[in-house]
A.B. asks: 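To start, I am sharing the structure in question, which I have written as structure tokens.
Labels below follow one simple rule: chain letters A, B, ... track the order of the sequence lines, proteins then strands, and each chain is numbered from 1.
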Amino acid sequence: MSSIIQMDGVQKSYFLSNGEKIPVLRGIDLEIQENEFVVLMGESGSGKSTLLNIIGCLHSVDSGKYVLGGQDITSLRDDTSLATIRNKMMGFIFQQFHLIQKMTALKNVALPGFYNGMSVSQRESKARQILTEIGLSDRMGHKPSELSGGQQQRVSIARALLNDPEIILADEPTGALDSKTGIEVMELFTEFRKRGKTIIMVTHTPEVAKYADRIIFLKDGKVVNHNYYHVSP
Amino acid sequence: MAFDALMANKMRTLLSMLGVIIGVSTVIAVVGIGIGAQEKINEQYKNMSVESILVMGGGGGGGGGGRQTASSKLKAGDVEVVMSDSENLRSGTASYSGNTEVSFGKFSESKSVIGVQNSFFSAVNLQLSTGELFTSQQYGSRDRIVILGDTIAKDLFGAEVSSAVGQIVSVSGKKFQVIGVLAKNGVSSRLASYDDSVFVPYLTAEKSILGSKGRIMLIFLANSVSVLPTAMEEISGILREHHKLKSTAEDDFRMFDAGSMVSSAQSSAQTLTILLTAVATIVLIVSGIGIMNVMFVTVVERTKEIGILKAIGAKKGDILLQFLLEAMMLSLLGGSIGIAVGESAIPLLNKLEGWYLVYSTTGVIIAFVFSVSVGIFFGFYPALKASRLDPVDALRSE
Ligand SMILES: Nc1ncnc2c1ncn2[C@@H]1O[C@H](COP(=O)(O)OP(=O)(O)OP(=O)(O)O)[C@@H](O)[C@H]1O
Ligand SMILES: [Mg+2]
């Protein structure tokens with residue numbers, strides 16, 4: 001088993017408009033293995049989303065080292081390369097679903113294929129296939145506003161899978177769902193893990209965290225504890 | 001995708017296109033007017049040789065009507081004087097013209113009558129349609145014979161102008177025999193339209209019809225366009241000497257060359273076109289600002305969408321292109337409507353007195369290019385801003 005994500009002393013600060021510096025990550029050391037299901041927990045404001053966004057190449061690091069799949073991307077600033085990593089290697093799932101309202105479920109799911117150079121028929125047939133697997137075959141023509149929260153989240157999960165990414169990044173994916181729907185989402189994640197995906201998920205809910213192989217606790221921008229629930233095979 | 005976005009807000013789309021619609025229809029009209037004016041000039045001067053030099057009585061340079069001052073000593077005989085002394089002229093002739101009553105049957109109207117010397121018709125490129133021209137002997141006579149212009153012949157005798165030959169018409173109350181009819185020519189000189197004139201021998205006009213009320217015009221043809229300036233100086237010198245003018249005295253004649261008459265007409269048409277183009281450009285710039293405004297609003301409204309697109313792998317260039325395409329579609333759609341509006345306005349404008357617009361593909365092409373560039377130019381900055389948004393900040397926005 002090899003590590004897919006490796007961080008050494010990663011630091012990240014935000015700057016307010018008045019120039020004030022807000023240190024958020026104060027030296028993160030972290031290693032995540034391929035095909036691991038990891039949960040990030042910690043108090044509100046502890047830097048979980050920030051860390052997830054750095055892993056997903058939406059943010060850059062200020063200092064420290066970030067190695068992704070064997071490639072040191074600490075100082076990678078080139079927009080095209082970063083966008084390509086996000087497009088092919090990462091699948092993002094958000095608490096608020098972040099679907100494009102004026103597009104149907106099918107178009108939403110197919111969208112990452114557009115940036116991956118797939119033809120319309122290619123990406124839409126892939127989208128149809130995933131939506132069917134996920135149990136939404138009868139909702140493909142619906143717009144997000146015509147879907148329930150759970151259905152919308154499943155659409156956004158389908159979208160995250162379109163380009164077959166190695167890593168799935170989920171920021172409180174069950175945060176806007178009731179507990180039953182949340183469990184359904186976790187069952188999907190467990191299934192993805194069986195299929196070889198690496199999953200990194202932020203959550204505040206212990207029942208949801210139970211599905212993971214490992215929980216990483218953040219406090220004041222540092223990793224304070226690695227809590228193993230299962231022993232990885 | 002870009003198109004869907006536009007349809008999502010039809011009213012705003014329409015409003016933002018309004019400027020482009022107005023701008024582009026103005027461009028169509030402007031080009032129509034410009035080309036129309038050009039065509040008119042070409043039509044007007046098409047039969048005039050560029051080597052021709054016109055000399056008229058009266059002093060003080062060019063411009064003005066054809067009024068002849070009493071002090072002018074310009075005479076038909078000057079032609080021979082000039083021709084015998086000049087080295088740069090290939091022919092010269094004179095005409096004596098004015099207005100008089102021409103009647104036949106019930107028809108009776110004041111028309112321009114032109115008394116002509118030998119070689120007048122060839123100097124101004126007038127061709128015979130039917131009948132005959134004056135013989136050289138008739139040119140020097142005071143015979144009551146007349147050649148009719150095309151328009152006047154049709155007015156008097158109908159479309160079949162050959163029936164005119166041999167008929168007797170009344171000119172200034174005297175009986176004249178029609179000996180020929182000219183082909184349609186289209187030229188309207190500074191004085192009158194040749195098609196709407198009648199032609200008589202020079203002396204007939206001077207002695208029997210117009211008396212001293214006529215206006216004399218000498219017409220010379222230079223050997224070539226390149227010697228035109230020299231030839232004009234020469235004519236001036238010869239005439240001044242012949243008229244015994246002191247070196248300090250002003251010319252008692254005015255001289256024009258056909259080439260500069262055409263080019264001054266062209267340049268005034270051009271001035272008009274430039275002016276109207278400036279107006280159209282301003283309208284288009286204003287319309288571009290309208291588009292820019294709408295695009296800024298759109299970018300702000302869709303900040304979250306931009307964040308989503310970036311998270312799933314859109315590059316800066318993809319975002320830039322998408323918003324640029326939207327702006328271009330706005331302006332292109334506006335442009336197409338503008339072209340349609342402009343084209344359908346042309347026949348309406350042509351109904352107005354003194355307007356002459358022409359349909360032209362040039363206009364459509366210019367309008368098309370204009371509207372696309374307006375879209376690209378004014379859509380670029382909003383699109384650039386969109387592409388530079390930070391994905392995390394964008395996702396967080398409401
Ligand atoms: N763009 C920003 N500008 C300034 N400060 C920011 C910005 N984004 C986040 N922060 C600050 O960084 C800290 C960490 O934010 P982050 O969103 O990573 O926390 P979190 O652990 O995900 O919290 P939550 O559980 O509430 O989602 C917070 O104190 C937050 O106020
Ligand atoms: Mg968070």
A.B. asks: Please flag which part of Lys304(B) lies under 4.5 Å from any non-hydrogen atom of chain A: side chain, backbone, both or neither.
C.D. replies: side chain
A.B. asks: Find the distance between CZ (Phe189(A)) and NZ (Lys197(A)) and round it off to the nearest 0.5 Å.
C.D. replies: 12.0 Å
A.B. asks: What's the shortest heavy-atom distance between Gly19(B) and Ser287(B), and which atoms?
C.D. replies: C-CB, 3.1 Å
A.B. asks: How long is the span from the CD1 atom in Ile32(A) to the CD1 atom in Ile167(A), to the nearest 0.5 Å?
C.D. replies: 8.0 Å
A.B. asks: Between Thr198(A) and Asn35(A), do the side chains contain a donor N or O and an acceptor N or O under 3.5 Å apart?
C.D. replies: no
A.B. asks: Heavy-atom pairs under 4.5 Å with chain B - which of Thr50(A), Asn116(A), Thr80(A) has more of them than the others?
C.D. replies: Thr80(A)
A.B. asks: Examine whether an atom of Leu99(A) lies under 4.5 Å from a heavy atom of chain B, and if so say whether it belongs to the side chain, the backbone or both; otherwise answer neither.
C.D. replies: backbone
A.B. asks: Using a 4.5 angstrom heavy-atom cutoff, name the option from Ala314(B), Gly307(B), Pro391(B) with the most pairs to chain A.
C.D. replies: Ala314(B)
